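Nothing here was measured: the structure is a model prediction, and the numbers come from that model.
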Amino acid sequence: MAQAQAAKAAKAATPAIQEHTFKWEGVDRKGQRVKGTSMGPSESMIKTQLRKQGVNPISVKKQSALFTASKKKAIKAADIAIFSRQMATMMSAGVPLVQALEIVARGHDNPSMSEMIIGIKTHIESGNSFAASLAKYPLYFDDLFVNLVDAGEKSGALETLLDKIATYKEKTEAIKKKVKKALTYPAAVVVVAFVVTGILLYFVVPTFAELFQSFGADLPAFTQLVIDMSEFIQAKWWLILGVVGGTGYAFFEGKRRSRAFRRFLDRVMLKVPIVGEILYKSAVARFARTLSTMFAAGVPLVEAMESVAKASGNIVFEEAIFQMRDRVATGQQLQLTMQQSALFPNMAVQMVAIGEESGALDEMCAKVADFYEAEVDAMVDSLSSLLEPMIMAFLGVVVGGLVTAMYLPIFKLGAAI
């Protein structure tokens, strides 16, 4: 608890400073001309930093916001995972923290990430700890990350904790990609099917409808239905786009703002066949992986449970874990609280029980995480194999149905002739 309070206090203690990107040139101790970019609040501060590093500044120019924005790319979770691994490797090799940050910043492909790392280095050079410097970027470094770094700095084992963080980030990102793959592929195909159907109904079907009017005969019911749909789309396309757009906007806004709506969605998704099982096992894997990482770092169980809940990725699990934390705080064993939640599989509960009894909870949780991550991996692969023929059949029915509807009158006319 003390570590979390210290990290939060570090966030609040130092006010936010408006920083800018400066491009500089100078001469190092060897007399060689060097140049680069740095983040800082002012030109004088950049010059001071350069002199501390043994560089005599010749020119320091602030980059325009337009130029900087044109090169910026969004910082993704994968960038943070790579940063964690790079820092772990540098620190384990004995490279000083500030120098490691400088090397990583200069070698990063994403300018936004480089700027943030330089900003972290600037805060450290100003006298802040590594954890406090990371806490100034809460969008990218959550409480779990900051607390683990803080524990590593205080215990003198920062390189070990950075390695654990890197492993944790890599594992969680890998399982997130698997889950996204399971959900994105069928959704994308369905969207493409609707787009193709809309194009056929709006552009192709009217051509056939004009041809059929010259027949002067009754059309098959299926063909007439498709033509009616085409006429409705042509007349009310703006209404359809408005409804689809409004529904999509309301859905994402509701998901972003309403916790009750997110809880409903998460609960429903867990009950969806196959996909729900993948989401369930991935949540169990994240629970076990996060708990293992926090406990191995020496974070007390009650304090670790808060970070575990936030990292679960599912509100149903998050609320259950917070309830478990409250029970653990009263002295109950973790495995009993897991049983009472009726949310965790028996295998995970038994492994945690063994870990508590043997004093190796972090190792048992790591084994649980490994098992369920492998389960998710296998299920996603099998789901992809299962969905491919189903998706092909779906597209065939949709597109083939429209084509058949258009050619039915032609076949009927040919038979009559």
Side-chain angles (χ1 to χ4, degrees), residues 10-11 13-76 78-141 145-146 149-150 152-153 158-159 162 166:
K11 288 183 184 180
T14 307
I17 301 173
Q18 181 68 31
E19 294 192 338
H20 308 281
T21 302
F22 291 86
K23 190 173 183 179
W24 54 264
E25 292 186 13
V27 179
D28 61 13
R29 293 189 179 98
K30 297 179 181 179
Q32 296 179 339
R33 198 176 186 89
V34 292
K35 59 182 179 179
T37 57
S38 296
M39 288 281 290
S42 64
E43 183 178 324
S44 59
M45 182 67 74
I46 297 298
K47 289 181 178 179
T48 301
Q49 293 171 11
L50 291 173
R51 291 191 183 100
K52 286 181 180 179
Q53 297 171 21
V55 176
N56 182 27
I58 297 175
S59 68
V60 178
K61 296 181 180 180
K62 178 181 174 183
Q63 288 186 315
S64 67
L66 181 62
F67 176 76
T68 304
S70 65
K71 296 172 62 179
K72 281 188 176 181
K73 294 191 295 184
I75 297 175
K76 300 179 181 178
D79 293 326
I80 302 300
I82 294 171
F83 167 76
S84 305
R85 176 55 63 194
Q86 289 174 324
M87 289 301 299
T89 303
M90 292 280 186
M91 295 293 291
S92 62
V95 179
L97 177 59
V98 173
Q99 186 179 351
L101 288 167
E102 181 77 23
I103 294 171
V104 173
R106 292 187 183 282
H108 213 287
D109 295 333
N110 187 342
S112 299
M113 189 70 188
S114 297
E115 286 184 11
M116 185 177 71
I117 296 171
I118 291 171
I120 293 170
K121 181 178 76 73
T122 302
H123 289 303
I124 293 173
E125 290 173 336
S126 300
N128 294 303
S129 67
F130 188 25
S133 301
L134 293 174
K136 295 180 183 295
Y137 301 90
L139 288 177
Y140 310 111
F141 301 102
F145 200 117
V146 173
V149 170
D150 185 55
E153 287 185 299
L158 181 58
E159 63 276 6
L162 282 173

task = For L162 and V149, work out which heavy atoms get closest and say how close.
result = CD2-CG2, 4.3 Å

key: Verdict with reasoning, F83 to L101, per side-chain contact (heavy atoms from CB on, under 4.5 Å)   = CA-CA 9 Å; F83 167 76; L101 288 167; 3.9 Å; yes

message = So M116 and I80, do their side chains get closer than 4.5 Å, heavy atoms only?
response = yes

request  = Starting at OG of S133, measure out to CD1 of I124 and round the result to the nearest 0.5 Å.
outcome  = 4.5 Å

query = If you round to the nearest 0.5 Å, how far is CD1 of I118 from NE2 of H123?
reply = 12.0 Å

query = Rounded to the nearest 0.5 Å, what separation is found between the CD1 atom of I46 and the NZ atom of K61?
reply = 15.5 Å

request  = Say whether, by atom type as modelled, one donor and one acceptor occur between the side chain of E153 and the main chain of A131 under 3.5 angstrom.
outcome  = yes

note = Separation between NZ (K47) and CG (N56), nearest 0.5 Å, reads 10.0 Å

query = Would a 4.5 Å heavy-atom cut-off, applied to side chains only, mark F141 and I120 as touching?
reply = yes

ask   = When you measure from the side chain of D79 to the backbone N and O of N110, does any donor-acceptor pair fall under 3.5 Å?
value = no

inquiry  = Ignoring hydrogens, what is the shortest heavy-atom contact between F145 and S84? Give both atom names and the distance.
reply    = CE1-OG, 3.2 Å

task = Apply the test side-chain contact (heavy atoms from CB on, under 4.5 Å) to residues K76 and Y140: give CA-CA distance (whole Å), side-chain angles for both, the deciding distance (0.1 Å), then the verdict.
result = CA-CA 8 Å; K76 300 179 181 178; Y140 310 111; over 6 Å; no

inquiry  = What I'd like to find out is whether the side chain of K121 reaches to under 4.5 Å of the side chain of F130, using heavy atoms alone.
reply    = no

ask   = N128 versus K136: any side-chain heavy-atom pair under 4.5 Å?
value = yes

Listed pairs under 3.5 Å, donor-acceptor, residues 86-95 side chains, sequence neighbours left out:
unit_1 : atom_1 : unit_2 : atom_2 : d
T89    : OG1    : R85    : O      : 2.9
S92    : OG     : A88    : O      : 3.0
S92    : OG     : T89    : O      : 2.9

N/O donor-acceptor pair under 3.5 Å between S114 side chain and R106 backbone = no

ask   = What are the two closest non-hydrogen atoms of P138 and A135, and how far apart are they?
value = CD-O, 3.5 Å

